[in-house]
Every structure is written in structure tokens, then in C-alpha cells.
2 protein chains.
Amino acid sequence: MTISHKIISNISVDCVIFGFDFEKLNVLLVERELVDEKSGRILIKDFTLTGYHIFEDEDLDKAAYRILKDLTGFENIYLEQFTVFGKTDRVSNEKDQIWLTYLNQGFSERILTVGYFSLIDSTKVTLSHNERKIHWFPIDEAHNLEWAFDHKQIFMKALEVLRNKVRTEPIAFELLPERFTLTQLQKLYEAIYGTPIDKRNFRKKIVQMPFIVALKVKQKGVPHKPAQLFLFSREVFEKTKKERLGFLF
Amino acid sequence: MTISHKIISNISVDCVIFGFDFEKLNVLLVERELVDEKSGRILIKDFTLTGYHIFEDEDLDKAAYRILKDLTGFENIYLEQFTVFGKTDRVSNEKDQIWLTYLNQGFSERILTVGYFSLIDSTKVTLSHNERKIHWFPIDEAHNLEWAFDHKQIFMKALEVLRNKVRTEPIAFELLPERFTLTQLQKLYEAIYGTPIDKRNFRKKIVQMPFIVALKVKQKGVPHKPAQLFLFSREVFEKTKKERLGFLF
DNA sequence: GCAAAAGTGTTACCGGTACACCCATGC
DNA sequence: GCATGGGTGTACCGGTAACACTTTTGC
């Protein structure tokens, strides 16, 4: 299948990309900067999500995967559509209009954007910067940033959906390496919810889940007692699905 | 604010409308029928959700409210966007192409549709049929119907989202009259999940919720012991929100 | 008085929560 | 040997689940 690469001008996809550095939950943002050519003054300096228009003969989901692949080089990334943003004025504030004019898209037609969030194991990814300035920001700091368009709103909705989803589905593992320690998993949940969790109770609950499988391997080269490594088995999870009412945590 | 009424041709909204008749959970569908003018043979006979394109200067949510108002006459209906359907082939099967050709839209550009679900108190609504054949169908039967476009898929996703949402948010009340009995509420939950619930345990749990307020009024004219009427107070719900972790049922 | 649905309490069990100390490794 | 995080068990409490009979009304 070939792709026409002719874009649909009034529909785009924006991805809220979450990563975990074993300490904090982060979101990946792209710096947007516009400098006045004559004066050298900075007209715009803020942050956007990564997004792009969809192509005419491209499924919506495919467009989101394409955007992620362009950025990270990976294909099998957890991705989920969460909301469409369709207010007529979502891009009409002054700063954004200046930007769109600069891109020769100013005051063009209204654009509707579909929000996706994705979870990636940030230990694996080296970002392909290709001339863009991209950075990870802890989600706590993200609230105070200067955002482009309605991207702050999109981000906040993504975070809300993520928090809800993590309560009932085993998706947190997407943010960790394939083999992880229980402490890493615990820190991840703490980072997502922003609240401490009791270590012993956490371990009891996790270990009894049949789809969390203990490996025989342990950590190596750490300056303390090496931790046991675990694996999330989606296969076992799917098999035991009916018996459970939910992935209640 | 005036509305241009110029439609955006590649974006539409489809509403999955749920209602409750005190026995079953139903979905509202519109019959689609195409008869060959010469032979009189029925070419197409199936069911669609209610939907329409959005207008150029109309917020997405507004478009969904407009569609519902046209159908029911009411403005304050519970409505929630749940998913966008954006596969390139979502309307390309033969039957649908015949239909679109008939409407002079055949083989036109790809249409992306935004799914909304809405919950209405069906005791209040008299449907404004304006020449369309519309009917309530129990959700169990809906699976066996002949559906138009990808509307079966949209319906099933809506049902899934509804079931999840009802577990954590107090939205079931939208399907009942303002004053309701506990038995009605219980039947509603049973209808949504398709499973029986223990009466005494159900009542204990419900009555202790501060936002379920008992009225002094009782049913009248029923041929059995009249039931007490209750009310869901959104005000109390919002006030006590922080104290709760969720509307866990 | 009978049919039909409303309303009510107790017990047993399980899962959640709270909490403090010893262990294995690298340097 | 010391610093660092890994790993473990028990007791209490609260919520959930199972279960059967009496009450009030219209006819």
C-alpha cells in the first residue's frame, strides 16, 4: 500500500507522550520558537505536543503511529485515542495566529484535532531530534509551562484518562523495560498518582497476580542487595481475564 | 450568534442514545430503507444511529446537542463524546455506497465521525418523528440487527464506555425520572450490566450515599405497598467529592 | 383475603491497611 | 564496615456477600 501524502487540512492528530525515568512521570514536548528577523526579538517561545495532519488515505490510528515512529523510531508503542478537540476557537488566540501566519496557514480553516496518548519505555528511546528541540518534562512542572494552542488542555485530559485507565487495565508496564523490579513498578504508580504507597502491601498485591511472573534473574552491579526481576505476561493476563472483574488496584 | 449552516463535509457526529423503560436498557435507532423505484424491491433496509455533519462555525459538542434537540426537543441531555471513528474504509461497503450514491454523496471524500453517547429519561421524551421511522431497541436485540455503515461498532463501543463509566460516576440517574424508587434504580443497574443484584445489599450501599436523598413522598396508585421516592443531588455529590476516591459501586 | 412489590438485619469471610526490622551487595 | 535499597509477616478493621420473612397497598 502506498500513501498519497496528500494531507487532510482540517484534521490533525496530537500525541501526548508519557515516559518514566524511574523517578518521575514525564511528558515529551517540542519547543516552538519564533524570532523576529529584523529585531532579533523572541516573538513566541512555548511548547507543543507532537502532531501532524492525517493523510487522505490513512487510517486515523495509522497517522498517530506514523507520528510516533517519526519521533522515536519505534513501531510497537502503546497508543490510545482519548478525545477529539473540536471547539471552533481552539487555535484562535493571538500567539497561535501569528505562528500560523508565519507558516502560511494563518486564519485558514478550522482544524479539529484527535488526541492520542502513548506510553513508552524511555530507557529504550533515543529521540530523533531532526532539528527540533524536544525535551522531557516532569508532569508536575508541565502545568507551569507556557503552552501552544490548546495543548495544555489536551495534556491535562490525557493525564486524567491515563490515571483512570491505569486503575483498571494493565498498561503501566508499557512505561517500564520488559524486565523490571517491584520497586520500579511501585515508584511508577507513585509517580502516576502522586501519592506514596505502602511497600509491603503493594508487593503482596502485585505478586499474587498470576500475570506478574518472577524471573530467576536478579539485578547485577547494583551497590545494594540485588532485586529480583519480574515480567508482565500479557498472555497470562488475557487467559485469566474472565475470572477477574477488573484489574482493580 | 448565528450559524452559517454550511456543513463541514468530511466530519460528522453520531449519537448513541440510551433510554430505560424500567425493564430494559434500550438504544434509539432510525430505520434506513431504500426501495427500487421500478421494481419496488427493497434494496436496503437496516438501522442507523442519528447523526449529521457539523457546521463550519459550530463547536463539536454543539453539533451533538443540536442533533439531540432536533430529535427529542430537549436541550439538557446528558451527552458525552467517547471515540472518533477514522478508518478510511468505514463507509465503503457496497450497501453504504449504494445509499450514498442515492443521496448524491457516492464515492465522495472520506468522512470521519465523532461518537457521542447520551442518556435520556425516556418517560419524558416523545420523539419528533418528522417522517423518519425511529424505534427503541433493547440492547440485547441490537446485536442481531442489520446495521448501516460502521454503526454497530460505534454502538458497541458506546455500550462498553457506558458500562465502565457507570461504575465510577453517578450518571445512571440520567436515565431515570428525577424522582425514582430504589427498585427502579436497581433494575437499571441490572439492565446495564445484565446481571442480577442482591436487593438488600444494594439498598444498604445506595442509602448510605449522602447524595441519594430520601423524599417524604411515596408512590401513589400502585397495587402494592407504595415505595419511597429518592432523588440524586448533584450538589451534594460535588460537595463530598474530595472525600471519596471514586463512585465505586 | 390475595396478589404484588416494598422493606428490613445478621453472620461469615475476605481483602485492605498499618506497621518495623533484617539482608545482600559494592565500595 | 557502612551505606543503600531489597525483602518479609501479622493483627485489626471494614466492606462485601449470602440469605428469608413481614408489610402495605389495590382490587
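Note on naming: letters A, B, ... go to the chains in the order of the sequence lines (proteins, then strands), and numbering restarts at 1 for each one.
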(request) Flag the pair B:Phe180 / B:Phe173 as yes when their ring centroid distance falls below 6.0 Å, and as no otherwise. (result) yes
(request) Keeping to residues at least two apart or across chains, list the side-chain hydrogen bond (donor to acceptor under 3.5 Å, both in side chains) pairs with something in residues 208-230 of chain A. (result) none
(message) Restricting to salt bridge (charged side-chain N to carboxylate O under 4.0 Å, His left out), what partner residues turn up for B:Arg234, sequence neighbours left out?
(response) B:Glu174, B:Glu238
(request) Sorted by first residue and then second, give each side-chain hydrogen bond (donor to acceptor under 3.5 Å, both in side chains) pair with at least one member in residues 114-123 of chain B; sequence neighbours left out. (result) B:Asp61-B:Tyr116, B:Asp121-B:Thr123
(message) Distance check needed: C:dG15 C1' versus A:Met209 CE, whole Å only.
(response) 12 Å
(request) Would you kindly give the CZ-to-P distance between B:Phe202 and D:dG15, to the nearest whole Å? (result) 18 Å
(request) Only counting residues at least two apart or in another chain, list the ones meeting side-chain hydrogen bond (donor to acceptor under 3.5 Å, both in side chains) with A:Lys204. (result) A:Asn201
(message) Using the rule given for side chain to side chain contact (heavy atoms under 4.5 Å, CB included), can you reason through A:Leu159 versus A:Val27, listing the C-alpha separation, both sets of side-chain angles and the distance that settles it, and then say yes or no?
(response) CA-CA 10 Å; A:Leu159 187 56; A:Val27 62; over 6 Å; no
(request) Send over the distance from A:Asn201 CG to D:dG6 C1', rounded to a whole Å. (result) 16 Å
(request) For A:Asp198 and D:dG7, give me the distance from atom CG to atom P, rounded to whole Å. (result) 15 Å
(request) Looking only at side-chain atoms of A:Arg203, point me to the closest of D:dT16, D:dT8, D:dT10. (result) D:dT8
(request) Figure out the CD1/C1' separation between A:Ile206 and D:dG7, and round it to whole Å. (result) 15 Å
(request) Confirm from the modelled atom types if A:Lys199 and D:dG7 form a donor-acceptor pair under 3.5 Å, side chain to base only. (result) yes
(request) May I have the distance from A:Gln186 (atom CD) to D:dG7 (atom P), rounded to whole angstrom? (result) 12 Å
(message) With side-chain hydrogen bond (donor to acceptor under 3.5 Å, both in side chains) as the rule and sequence neighbours excluded, what pairs involving residues 14-25 of chain A come up?
(response) A:Asp14-A:Thr113, A:Asp21-A:Asn26
(request) Let me know the distance between CD of A:Gln184 and P of D:dG7, rounded to the nearest Å. (result) 11 Å
(request) Identify whether any heavy atom of B:Thr183 sits under 4.0 Å from a base atom; if not, whether one sits that close to sugar-phosphate; answer base, sugar-phosphate or nothing. (result) sugar-phosphate
(message) Below the 4.0 Å mark, does C:dG7 have OP1 or OP2 next to a side-chain nitrogen or oxygen of B:Arg200?
(response) no
(request) Using heavy atoms and a sub-4.0 Å distance, could you list which residues of residues 218-228 of chain A are near DNA chain D? By number, please. (result) A:Pro223, A:His224, A:Lys225, A:Pro226, A:Ala227, A:Gln228
(message) Distance check needed: C:dT17 C1' versus A:Ile197 CD1, whole Å only.
(response) 13 Å
